Amino acid sequence: KGVEKDEIKGRYHLEEAAIAGHPGARYNLAVNEKTFERALKHLIIAVNLGCDRSIQMLKECYKNGFVSKEDFAAALRAHQAAVDATK
């Protein structure tokens with residue numbers, strides 16, 4: 001019962017929110033992405049926007065060897081800068 005789910009329309013609106021700069025939408029795109037490379041790009045963008053969930057997920061990717069130390073360090077700096085900018 002209830003409203004029928006429209007996956008295509010949902011994805012469209014998620015992408016629109018991500019393009020508009022919504023960090024949570026960017027994180028959700030990463031989680032729902034089919035390819036790891038694209039998911040990683042979404043995660044890094046979300047980290048750059050200050051998304052805490054994304055930095056935690058990126059940390060797990062680093063721990064498991066999917067992200068280089070340099071890329072993780074750059075993401076940490078960008079995340080901190082985004083957080084500082086919102087204070």
Side-chain angles (χ1 to χ4, degrees):
K1 290 191 173 191
V3 178
E4 189 176 312
K5 287 187 179 181
D6 186 343
E7 300 281 331
I8 295 171
K9 193 178 275 189
R11 174 83 181 192
Y12 169 79
H13 288 293
L14 198 57
E15 288 172 353
E16 288 294 309
I19 290 168
H22 191 279
R26 198 55 86 160
Y27 171 81
N28 287 334
L29 283 175
V31 170
N32 294 312
E33 191 57 60
K34 290 178 176 49
T35 64
F36 179 74
E37 292 79 18
R38 287 183 54 113
L40 188 58
K41 287 180 184 179
H42 286 304
L43 265 184
I44 291 172
I45 293 168
V47 165
N48 291 341
L49 294 171
C51 181
D52 293 330
R53 292 181 298 175
S54 295
I55 197 68
Q56 294 304 319
M57 186 177 279
L58 197 63
K59 182 171 34 172
E60 291 302 316
C61 291
Y62 169 67
K63 285 181 184 178
N64 292 314
F66 297 116
V67 177
S68 71
K69 184 176 184 176
E70 296 80 20
D71 289 342
F72 183 63
L76 277 174
R77 287 190 299 273
H79 180 265
Q80 190 59 51
V83 170
D84 290 344
T86 60
K87 290 183 178 178

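Reckoned from all heavy atoms, side chains included, excluding hydrogens, waters and symmetry mates. Please read all numbers here as calculations on a predicted model, not as lab measurements.
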Contacts of type salt bridge (Lys or Arg N to Asp or Glu O under 4.0 Å), residue E70, not counting sequence neighbours: none
Where at least one partner belongs to residues 5-59, residue pairs that pass ring-ring contact (aromatic ring centres under 6.0 Å, His included), sequence neighbours excluded: F36-F66
Residues forming a side-chain hydrogen bond (donor to acceptor under 3.5 Å, both in side chains) with D71, sequence neighbours excluded: S68
With K34 via salt bridge (Lys or Arg N to Asp or Glu O under 4.0 Å) - residues at least two apart: none
Over all atoms of both residues, closest heavy-atom pair of A46 and P23: CB-O, 3.9 Å
For E33, all residues meeting salt bridge (Lys or Arg N to Asp or Glu O under 4.0 Å), sequence neighbours excluded: R11, R38
Co-members of I45 in a cluster of I, L, V, M, F, W and Y side chains, linked at under 4.5 Å: L49
Whichever hydrophobic residues join L14 through chains of side-chain contacts under 4.5 Å: L29
Report all side-chain donor-acceptor pairs from residues 80-87 shorter than 3.5 Å, counting only partners two or more places apart or in another chain.
unit_1: Q80; atom_1: NE2; unit_2: D84; atom_2: OD1; d: 2.9
unit_1: T86; atom_1: OG1; unit_2: V83; atom_2: O; d: 2.7

Please list, one pair per line, the donor and acceptor atoms closer than 3.5 Å that link side chains of residues 53-63 to other protein atoms, with sequence neighbours excluded.
unit_1: Q56; atom_1: OE1; unit_2: K59; atom_2: NZ; d: 3.3

